[in-house]
Amino acid sequence: VKRDQKLIFNRQYKEATELFEELQKKYPHSPMASFGMMMLYNSIMFEDYDFSLQDKFQTESIKNQKIVSKIHQDKNASAWDLFLCGGSSGLRGFYYMRKDEIFTALKEAKIAEECLDRAIKKDPSFTDAKLGIGMYDYWRSVFTNKIKLLPFFKDKRKEGIQKILEVVKKGKVTQELSQIALVFVYMQERNADRGLKLTQTFLKKYPKNLIVKTHQGRFMMLKRKYLEALAEFNQVQKLYPKNKVSMYYKGNIYQSLGKNKEATNQYLQYLKAEPSPAWQAYTRYRLGLIELRQKKQLEAWGHFKKGHNVYPKYKPNLKMILKLRKQQSKTG
C-alpha cells in the first residue's frame, strides 16, 4: 500500500495503473486494486477540482463496492480487509461529498467508520485505521453543523484532528496520506501557519504533488503573501500547462491586489476552460464583485445571474442579486 501511495504522490500515474492491474490479477477477491484505482482517479480529478474521470471512477467503485459489501457483512473479516473496506467507503464518501450528494456521502462514511472501528477492535495496535475515523469525526462535524435538516451531532472536530495527528506520528501505512488529510483540514480551519509548514515538508519529498502544491499557494494567500502565492501558481502553470484551477487562484490574487483587469482576464480564461458548475459559480461571483468595484451594476448583475443559474446551491450569487434588486427598487 505504501508503494501505491508513493506512486500517486509522485504523480507516476502510469506506473501506479500497472501496479493496480497486477494486484487485480493476484488478489481478485481483495478490494485493494479497485481501491487503488479509485484513489488514482480521484487524485487526478482533485488536481483541477473537476469530474473528468468520473465514469472510470464509478466503474472501479462498482467493482470495489461488491467486495467491500461482503467484507462489511463478514463477522470474521480480518483487520486488514476491514481497513481496506473502511478506506474504500471513506474515499467514496469523499467523492460523493464533492458531488454535493451529502446523504449518500454520509452513508458511505458511516460504513467506513464501522469497518475501521471493527479493524481496531480486532487489532488495537492498528493505528492507521484511526485516520479514517478521525476524518469521519472531523468532516461529519463540519457538514452536519451546516445542514439544519440533519439531527444534532456533537462537534468532534478536535477529536478528529487528534486521531489524524496520531496516525501521522505512529502510523505504519498511511503516515503520509494522513499529512495530506491534515492539509485539507488546516485549509478548512484556515490555519495557514500549520498548513504552510506541512505543505513545505511534504513537497520536499514529493515536489511534483500538484494537490499539495496548490494548497501551498492557497495557504500563502491566507497569510496575504500574495506575490509569493502568485509565483507559486505561475510555477504550477509552467510545470503543468493543462492545470486550469491555477487561473482561478491567480485571479483571486490579482483581485486582492486591486488589479481588476488582470483578475478579470484570469477568470475569463478559466471560464473558457469549462470548469465544473460550482467553480463557474464561484468565478462569476468574483467577476461580479469586480464589476461592482467599478460601479458597473448591470454587468455585475449579469455575472451573479449566470452564476446562480449554473449552480444555485452557491448562495452568495443569489444574495447579491437580491441586494442589487433592493437597491434598484429604492432608486426607482
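Quick note: residue numbers are just sequence positions, from 1. What's counted below: heavy atoms across the whole structure, side chains too, no hydrogens, waters or symmetry copies.
- Between the side chain of Asp128 and the main chain of Lys172, a donor-acceptor pair closer than 3.5 Å is present.
- Using a 4.0 Å cut-off between charged nitrogen and carboxylate oxygen, Glu189 and Arg194 do not count as a salt-bridge pair.
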Take Gln5 and Thr174, measure what side chain to side chain contact (heavy atoms under 4.5 Å, CB included) needs, and give me the verdict at the end.
CA-CA 8 Å; Gln5 293 177 62; Thr174 58; 4.1 Å; yes
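- Atom CG of Leu257 has more than 12 neighbouring heavy atoms from other residues, nucleotides or ligands inside a 6.0 Å radius.
- No path of Ile, Leu, Val, Met, Phe, Trp and Tyr side chains, each step under 4.5 Å between heavy atoms, connects Leu177 with Leu82, placing them in separate hydrophobic clusters.
- For the residue pair Lys250 and Gln237, a side-chain donor N or O sits within less than 3.5 Å of a side-chain acceptor on the partner.
- Of all heavy-atom pairs between Met221 and Tyr249, the closest is CE-O, 4.1 Å.
- Surrounding NZ of Lys305 are at most 12 heavy atoms belonging to other residues, nucleotides or ligands under 6.0 Å away.
- Within the 4.5 Å cutoff, side-chain heavy atoms of Gln297 are placed close to those of Gln327.
- A side-chain donor-acceptor contact under 3.5 Å links Ser246 and Asn243.
- Between Tyr248 and Tyr267, the ring planes lie tilted relative to each other; the angle falls in the 30° to 60° range.
- Between the side chains of Gln216 and Glu232, at least one donor-acceptor pair of N or O atoms lies under 3.5 Å.
- When all heavy atoms of Ile8 and Ala16 are compared, the pair lying nearest together is CG1-CB, 4.3 Å.
- Considering only heavy atoms from C-beta on, Gln54 comes within 4.5 Å of Lys99 through its side chain.
- Hydrophobic cluster membership differs between Leu324 and Leu322, with clusters built from Ile, Leu, Val, Met, Phe, Trp and Tyr side chains linked at under 4.5 angstrom.
- The structure places CG of Leu271 at 5.0 Å from OG1 of Thr283, a figure rounded to the nearest 0.5 Å.
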Evaluate salt bridge (Lys or Arg N to Asp or Glu O under 4.0 Å) for Glu113 paired with Lys110, printing each intermediate quantity in order.
CA-CA 5 Å; Glu113 185 202 32; Lys110 185 61 178 174; 3.1 Å; yes
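- For the atom pair CG of Asn42 and CZ of Phe35, the computed distance is 10.0 Å after rounding to the nearest 0.5 Å.
- A distance below 6.0 Å separates the ring centres of Phe46 and Phe94.
- Rounding to the nearest 0.5 Å places CE of Met39 at 9.5 Å from OG of Ser88.
- Using a 4.5 Å heavy-atom cutoff, the side chains of Leu292 and Glu299 are not in contact.
- The 12-atom threshold is not exceeded at OH of Tyr27, counting heavy atoms of other residues, nucleotides or ligands nearer than 6.0 Å.
- When atom types are taken as modelled, the side chain of Asn317 and the backbone of Lys306 share no donor-acceptor pair closer than 3.5 angstrom.
- In this structure, Val68 and Cys85 approach most closely via the heavy-atom pair CG1-SG, 3.5 Å.
- Annotation: Arg224, atom CZ; neighbour count of heavy atoms from other residues, nucleotides and ligands within 6.0 Å does not exceed 12.
- A heavy-atom distance below 4.5 Å is found between the side chains of Leu116 and Phe83.
- In this structure, Tyr282 has its ring center under 6.0 Å from that of Trp279.
- Around CD of Glu274, the count of heavy atoms belonging to other residues, nucleotides or ligands within 6.0 Å does not exceed 12.
- Salt bridge annotation for Lys70-Asp74: absent, with no cationic side-chain nitrogen under 4.0 angstrom from a carboxylate oxygen.
- Between Lys163 and Glu166 no salt bridge is recorded (no basic side-chain N to carboxylate O distance below 4.0 Å).
- To the nearest 0.5 Å, the span separating CD1 on Ile111 from CD1 on Ile71 amounts to 12.0 Å.
- The aromatic ring centres of Phe9 and Tyr206 sit less than 6.0 Å apart.
- A donor-acceptor contact closer than 3.5 angstrom is absent between the side chains of Lys170 and Gln175.
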Step by step, work out the side chain to side chain contact (heavy atoms under 4.5 Å, CB included) result for Asp55 and Gln58.
CA-CA 5 Å; Asp55 291 341; Gln58 287 289 5; 5.8 Å; no
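- Heavy-atom minimum distance, Arg140 versus Leu106: CG-CD2, 4.1 Å.
- In this structure, Arg92 and Ser89 have side chains that are in contact, with non-hydrogen atoms separated by less than 4.5 Å.
- The shortest heavy-atom contact between Gly90 and Ala112 is N-CB, 3.5 Å.
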Worked verdict on Gln65 versus Glu60 for side chain to side chain donor-acceptor pair (under 3.5 Å)
CA-CA 9 Å; Gln65 206 160 18; Glu60 291 298 331; over 6 Å; no
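- Placement of Trp80 and Ile67 in two distinct hydrophobic clusters is found when ILVMFWY residues are connected by side-chain heavy-atom separations under 4.5 Å, directly or transitively.
- Ionic pairing of Lys223 and Asp193 is present here: one or more N-O contacts between side-chain nitrogen and carboxylate oxygen are shorter than 4.0 angstrom.
- A salt bridge links Lys244 and Asp50; the closest N-O separation between the charged side-chain nitrogens and carboxylate oxygens is under 4.0 Å.
- From Glu15, atom CD reaches atom CG of Asp4 across 12.5 Å, with rounding to the nearest 0.5 Å.
- A salt bridge does not link Glu114 to Arg118: none of the charged side-chain nitrogens sits closer than 4.0 Å to a carboxylate oxygen.
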For a ring pair (Phe, Tyr, Trp, His ring centres under 6.0 Å) check, start with the C-alpha distance between Phe304 and Trp301, then their side-chain angles and the critical distance, and finish with the verdict.
CA-CA 5 Å; Phe304 295 138; Trp301 172 283; 8.6 Å; no
Taking it one step at a time, do Arg284 and Val310 satisfy side chain to side chain contact (heavy atoms under 4.5 Å, CB included)?
CA-CA 10 Å; Arg284 288 293 179 184; Val310 74; 5.6 Å; no
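- Of the N and O atoms on the side chains of Arg293 and Asn260, at least one donor lies less than 3.5 Å from an acceptor on the other residue.
- His303 is not listed as a side-chain neighbour of Tyr285, based on a closest heavy-atom distance of 4.5 Å or more.
- The CG atom of Leu91 lies 10.0 Å from the CD atom of Glu108; values are rounded to the nearest 0.5 Å.
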Stepwise, does the side chain to side chain contact (heavy atoms under 4.5 Å, CB included) test hold for Gln188 with Phe184?
CA-CA 6 Å; Gln188 175 66 29; Phe184 298 151; over 6 Å; no
Hey, mind stepping through Gln73 and Ser69 against side chain to side chain donor-acceptor pair (under 3.5 Å) and telling me if it holds?
CA-CA 6 Å; Gln73 296 172 25; Ser69 180; 3.2 Å; yes
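- In plain terms, the two heavy atoms of Ala192 and Leu222 that are nearest each other are CB-CB, 3.8 Å.
- At a threshold of 4.5 Å between non-hydrogen side-chain atoms, the residues Lys6 and Glu176 count as touching.
- Aromatic ring centres of Tyr254 and Tyr226: separated by at least 6.0 Å.
- Taking the six-membered ring for Trp and thresholds of 30 and 60 degrees, Phe219 and His215 have ring planes inclined between 30 and 60 degrees apart.
- The shortest distance between side-chain heavy atoms of Met45 and Tyr95 falls below 4.5 Å.
- Figure legend: Arg98 and Phe51 shown as a cation-pi pair, the cationic atom lying under 6.0 angstrom from the six-membered ring centre and within 45 degrees of its axis.
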